[in-house]
Amino acid sequence: MPDLIEAATPVYSGRRLRARWSTRVGVLPGYADGTSATALARQAFLSTVDKIDGVRLVDVPLPDEWDLLTGNAFNNVRLPERSEPFMPYLRTDLRGFGVSVTGWLQGALLGANEFITGQRAKLLLLERVLDQIFDHCDVVVQTGPVPFDILGLPEIGFPIGFTPAGVPIGTILGGEPYAEDRLLSVVAAYQAVTDWHWRRPPNPPVAAGASALRSAAPAEDRGRLTAEDVAAQMQ
């Protein structure tokens, strides 16, 4: 087990910040495209990281059949892995699982053939991530947790800015198996030259009449979802 506290500590040569290890940061297609607040924050993040000694940005391709292998069809094969530890509770009281109960039940009822096909697809995705992404880089930027959460690969999320409305903007870095120390070292270097992690978003304003709404009796159908609503949310 590497020393993660040490890995999360910035490194300096004299007074100049440097990366703990020479690191290639992979940038996937379209990561910072556009002019939205999120895109601008991502562009600033990449520019800042690129100035750190020992860090180099590299463009990396999306693996073959990326959209298919990371889409809902194969993403749903994870559902039995989530449902299995909770089977005793699923058998006793479904109300404890809220509006997402259909997803939990879908995992419990997925057939063996589908599950095996999904596990083969999961292995194929892992091979392509390792061979077609990490052949080019040491860590890779991501727009979301998929597919690293599917594959069990390490990832780290951290703040990189705010929208004009004061909503925090974050990004995610993914790494190779057991490379948590490399991810921590990159974020430590970035946070040594930025202060987004110290900033707090403003408290949301209290809407006019909010207290009256809180005290009013809830409508009979308030908060209720139809089966179709739940199914749509699970996609």
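Just the heavy atoms: all of them, side chains too, but no hydrogens, waters or symmetry mates, feed the values below.
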For Tyr31 and Gln142, which heavy atoms make the closest approach, and how far apart are they? CE1-O, 3.7 Å

With distance as the sole test, does Ser83 use its side chain to make a donor-acceptor pair with the main-chain N or O of Pro80 at under 3.5 Å? no

Could Glu127 and Lys122 be called an ion pair, given the rule that one side-chain N must be under 4.0 Å from one carboxylate O? no

To the nearest 0.5 Å, what is the distance between CZ on Arg18 and OG on Ser185? 10.5 Å

Same cluster or not: are Val141 and Val193 linked, directly or through other Ile, Leu, Val, Met, Phe, Trp or Tyr residues, by side-chain heavy atoms under 4.5 angstrom apart? yes

Compare all side-chain heavy atoms of Val27 with those of Leu46 and state whether any distance is below 4.5 angstrom. yes

For Asp138 and Arg24, indicate whether the former's side chain and the latter's backbone hold a donor-acceptor pair under 3.5 Å. yes

Looking only at side chains, do Gln119 and Glu114 share a donor and an acceptor under 3.5 Å apart? no

For the residue pair Ser22 and Arg182, what are the closest heavy atoms and their distance? O-NH1, 3.3 Å

Measure the CG-CG distance between Asp3 and Asp181 for me, rounded to the nearest 0.5 Å. 9.5 Å

Check whether any side-chain heavy atom of Leu62 sits under 4.5 Å from a side-chain heavy atom of Pro29, and report yes or no. yes

Summary of salt bridge (Lys or Arg N to Asp or Glu O under 4.0 Å) pairs that have at least one residue in residues 54-76, sequence neighbours excluded: Glu65-Arg128

For Leu184, which of Ile5, Ile156, Leu173 qualifies under side-chain contact (heavy atoms from CB on, under 4.5 Å)? Ile156

When you compare the side chain of Leu17 with that of Ile52, does any pair of heavy atoms fall below 4.5 Å? yes

Compute the ring centroids of Tyr190 and Phe158, then answer whether they are less than 6.0 Å apart. yes

Atom CG of residue position Asp135 - does it have more than 12 heavy atoms of other residues, nucleotides or ligands inside 6.0 Å? yes

Using the rule given for side-chain contact (heavy atoms from CB on, under 4.5 Å), can you reason through Leu153 versus Glu176, listing the C-alpha separation, both sets of side-chain angles and the distance that settles it, and then say yes or no? CA-CA 6 Å; Leu153 295 176; Glu176 296 184 86; over 6 Å; no

Non-hydrogen side-chain atoms of Asp149 and Glu155 separated by less than 4.5 Å: yes

Atom of Pro177, atom of Leu130 and distance for their closest heavy-atom approach: CD-CD2, 3.8 Å

Do the non-hydrogen side-chain atoms of Ile133 and Pro63 ever get within less than 4.5 Å of each other? yes

Smallest heavy-atom separation, Pro61 atom then Leu28 atom, equals O-CD2, 4.0 Å

Transitively linked via ILVMFWY side-chain contacts under 4.5 Å: Phe86 with Phe115? no

Nearest 0.5 Å please: distance from the OG1 atom of Thr38 over to the CG atom of Asp33. 13.0 Å

How far does OG1 of Thr102 sit from CG of Leu109, to the nearest 0.5 angstrom? 11.0 Å

Reported CZ-to-OG1 distance for the pair Arg199 and Thr194, which is rounded to 0.5 angstrom: 9.0 Å

Val55, Thr23, Ile160 screened by side-chain contact (heavy atoms from CB on, under 4.5 Å) with Val49, the one that passes: Val55

Should Leu94 and Tyr89 be regarded as members of a common hydrophobic cluster, given that ILVMFWY residues are connected when their side-chain heavy atoms come within less than 4.5 Å of each other, either directly or indirectly? yes

Once the angle between the rings of Phe162 and Trp196 is folded into 0 to 90°, is it parallel (under 30°), tilted (30 to 60°) or perpendicular (over 60°)? tilted

In short, Pro201 meets Pro168 closest at the heavy-atom pair CG-CG, 4.0 Å

Is there a donor-acceptor contact under 3.5 Å from the side chain of Thr70 to the main chain of Trp66? yes

Checking the side chain of Ser36 only, and the main-chain atoms of Ala39 only, is there a donor and an acceptor separated by less than 3.5 Å? yes

Are Val129 and Val140 packed together at the side-chain level, in the sense that at least one heavy-atom pair is separated by less than 4.5 angstrom? no

Sidechain-backbone polar pair: Arg20 side chain, Glu6 backbone, donor-acceptor under 3.5 Å: yes

I'd like to check Leu79 versus Leu110 (side-chain heavy atoms, cut-off strictly below 4.5 Å). Are they in contact? no

Let me check something: do Leu124 and Phe134 share a hydrophobic cluster, defined by ILVMFWY side-chain heavy atoms less than 4.5 Å apart, either directly or through other members? yes

How long is the span from the CD1 atom in Ile150 to the CG atom in Leu126, to the nearest 0.5 Å? 11.0 Å

Nearest non-hydrogen partners of Pro145 and Ile172, listed with the distance: N-CD1, 3.7 Å

